[in-house]
Asks: 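The following block contains the structure, expressed as structure tokens.
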Amino acid sequence: MRKALSILLTAAMATSMLAACGSSTPTATQAPAETKAAETQATTAAEAVAEVTEAAKDAAADGETITVGFAQVGHESDWRTASTNSVQSALSKENGIDLQFVDCDNDSAAQLEAVRNFIQQGVDYIVIDPIVSTGWDTVLTEADDAGIPVIVIDRTIDDSDKYVSWVGSEFTNEGLAAGAWLKAYVADKGISEVNALVISGTTGSSAQIGRSDGFDKYVEAEKWNKIDEQTGDFTQEGGQKVMESYLKSYNGQFNVVVCQNDNEAFGAIDAMKAAGVSYGVDGDVIVISFDACTAGLQKVLAGEINADFQCNPLQGPDCLNIIKKLEAGETVDQKTFMAEPWYVAEDKLTDITYTNNSGKEVTEPLVVVDQAVVDAAY
Ligand code: GYE
């Protein structure tokens, strides 16, 4: 839909979606073309109308703007902030895109509603980062019936194939790599017993499912003791709360904590610090994390996180590329995997070998974090 009227409609509906998603920052419609992502906030009705009028003028002037609705998971982590920034800067006005951004605040029902609103608006494309991996078939059928191509980024949709392309990470490999690294690390250190606590991500998200499945393969094969696994919902607060409760139940009984993202690790570390539990390269508890955002890698450099398995959130350019190809009538790859290194604090092991999720034996390097690595991170 590339007409001024559609922009008017779009902005009005996006404004109503703000309430639907109950979101705070950085929730907004991107319909007004000049509006910068980080600055957009819910506005008064009068402001919204003024912005919409401007947007309509812009759209009418160029006539060729592609409208894209993006239903983002939320704003729960550093990873998510980087993902939002990446998509917003790639799907920009300069690149011919009018992006409708909805922050769904980790609420699956709100996310379905956001997608339905995009369908009603008649956007040209819908981008979804699915909070959970199931429950999608009906709404994707509706998008399909309306002739709107859906692009999925980051997490996967596992109960529908009605989308044109997916770009993201192989989460099971991340979990397998964490297991392979821990196996090699404890062998090197002469640690004979693994008593692990897991702080998992949002239950039912493909990131949680894959990381748990991959690591559990090693728990089983190595006969490690996985004492408990509770969700911290990918947030720092969640990680801290779960660790505080673990410390009440299992203090002195564990020597490994697996946090399924960096923000959970920050919370878990704060809780261990407060309880006087030593952790990291010089401590009693080995800390494993995922994401490898800047703040996470700083903690690896400081020796507070032993190993951090990168998940790359910079999917905006791939997403733009997919849209451009579709616009040109070209075929697109069904799946695009992000390249992701594994980071460690100590200069001891150089690589890990494991059988990946495609059944292939791979040997992958372990990158020792230094300041240059931190400076280059997202
Ligand atoms: O690991 C976490 C975020 O879906 C891969 O979601 C993403 C995960 C990421 O909240 O930090």
Side-chain angles (χ1 to χ4, degrees), residues 23-26 70-87 103-108 111 127-134 136 151-158 166-178 198-215 231-242 258-269 287-300 305 307-316 318-319 335-343 357 377-378:
S23 47
S24 51
T25 50
F70 175 30
Q72 172 64 296
V73 169
H75 50 274
E76 72 284 0
S77 64
D78 288 29
W79 191 101
R80 188 63 51 204
T81 304
S83 159
T84 295
N85 290 341
S86 175
V87 173
D103 174 335
C104 298
D105 203 13
N106 218 24
D107 177 341
S108 298
Q111 191 169 40
V127 178
I128 304 172
D129 188 330
I131 298 168
V132 292
S133 62
T134 54
W136 287 101
I151 298 160
V152 180
I153 64 165
D154 172 30
R155 303 180 185 176
T156 56
I157 283 178
D158 296 338
W166 167 87
V167 49
S169 306
E170 181 34 291
F171 301 117
T172 307
N173 283 352
E174 294 172 359
L176 286 166
V198 177
I199 303 178
S200 54
T202 299
T203 307
S205 67
S206 66
Q208 175 273 314
I209 295 167
R211 289 171 189 165
S212 294
D213 283 356
F215 188 74
T231 183
D233 239 343
F234 282 133
T235 66
Q236 176 159 350
E237 195 195 3
Q240 179 161 348
K241 278 200 183 132
V242 173
V258 181
C259 304
Q260 287 188 348
N261 82 341
D262 285 338
N263 293 80
E264 290 182 341
F266 306 153
I269 283 171
V287 181
I288 295 175
S289 186
F290 297 86
D291 279 0
C293 63
T294 301
L297 290 178
Q298 262 155 2
K299 290 228 178 288
V300 180
I305 291 175
D308 204 344
F309 296 83
Q310 197 194 59
C311 183
N312 186 338
L314 308 180
Q315 291 147 0
D318 285 298
C319 204
K335 287 183 178 183
T336 306
F337 287 98
M338 308 297 289
E340 303 178 315
W342 315 136
Y343 293 109
N357 198 33
Y378 67 84

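Worth saying up front: this structure is predicted, and the values here are computed from it rather than measured. For ligands, and for the atoms within them, numbers begin at 1 and follow the listed sequence.
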Asks: Out of all atoms in ligand 1, which are within 4.0 Å of some heavy atom of Ser77? Include the element for each.
Replies: 2 (C), 3 (C), 10 (O), 11 (O)

Asks: Could you see which bit of Arg211 sits under 4.0 Å from ligand 1, with heavy atoms only: side chain, backbone, both or neither?
Replies: side chain

Asks: Between Thr336 and Gln315, do the side chains contain an N or O donor and an N or O acceptor separated by less than 3.5 Å?
Replies: no

Asks: Please report whether ligand 1 has a polar contact with Gln260, defined as an N or O pair separated by less than 3.5 Å (distance criterion only).
Replies: no

Asks: Are a donor atom and an acceptor atom from the side chains of Thr231 and Gln208 found within less than 3.5 Å of each other?
Replies: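 No, because no side-chain N or O of Thr231 sits under 3.5 Å from a partner of the opposite role on Gln208.
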
Asks: Near Cys311, which atoms of ligand 1 are under 4.0 Å from a heavy atom of that residue?
Replies: 5 (C)

Asks: Could you check atom 9 (C) of ligand 1 against the protein and tell me its nearest heavy-atom contact, residue, atom and distance included?
Replies: Asp291 OD1, 3.4 Å

Asks: For Phe171, counting its heavy atoms only, list the atoms of ligand 1 lying under 4.0 Å from any of them.
Replies: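 The list of qualifying atoms is 5 (C).
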
Asks: Give a yes-or-no answer on whether the side chains of Asp158 and Thr156 include a donor-acceptor pair shorter than 3.5 Å.
Replies: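 Distance-only check passes for Asp158 and Thr156.
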
Asks: What about Asp154: any of its N or O atoms under 3.5 Å from an N or O on ligand 1?
Replies: yes

Asks: Salt bridge or not between Lys299 and Asp262? Use side-chain N to carboxylate O under 4.0 Å.
Replies: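 No, no charged N to carboxylate O under 4.0 Å.
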
Asks: Hey, which of Thr235, Asp233, Asn261 is the one that makes side-chain hydrogen bond (donor to acceptor under 3.5 Å, both in side chains) with Thr202?
Replies: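 With Thr202 as partner, Thr235, Asp233, Asn261 yield a single side-chain hydrogen bond (donor to acceptor under 3.5 Å, both in side chains), made by Asp233.
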
Asks: Of the options Asp105, Asp103, Thr84, which is the one that meets Gln72 in a side-chain hydrogen bond (donor to acceptor under 3.5 Å, both in side chains)?
Replies: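 Single pass found, and it is Thr84.
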
Asks: Under 4.0 Å from ligand 1, counting heavy atoms only, is it the side chain of Phe290, its backbone, both or neither?
Replies: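 Phe290 to ligand 1: no contact under 4.0 Å from either part.
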
Asks: Assess the side chains of Asn106 and Glu76: does a donor N or O sit below 3.5 Å from an acceptor N or O?
Replies: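 No - no donor-acceptor pair under 3.5 Å links their side chains.
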
Asks: For Phe290, which residues count as a ring-ring contact (aromatic ring centres under 6.0 Å, His included) partner, sequence neighbours excluded?
Replies: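 Residues passing ring-ring contact (aromatic ring centres under 6.0 Å, His included) with Phe290: Phe309.
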
Asks: Around atom 8 (C) of ligand 1, find the nearest protein heavy atom and jot down its residue, atom name and distance.
Replies: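 Nearest protein contact, heavy atoms only, for atom 8 (C) of ligand 1 is Arg155 NH2, 3.8 Å.
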
Asks: Which of the numbered atoms in ligand 1 are below 4.0 angstrom from a heavy atom of Glu76?
Replies: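 Those atoms are 3 (C), 6 (O), 10 (O).
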
Asks: What are the atoms of ligand 1, with element, lying closer than 4.0 Å to any heavy atom of Asn261?
Replies: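 Within the 4.0 Å cut-off of Asn261, ligand 1 contributes 2 (C), 11 (O).
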
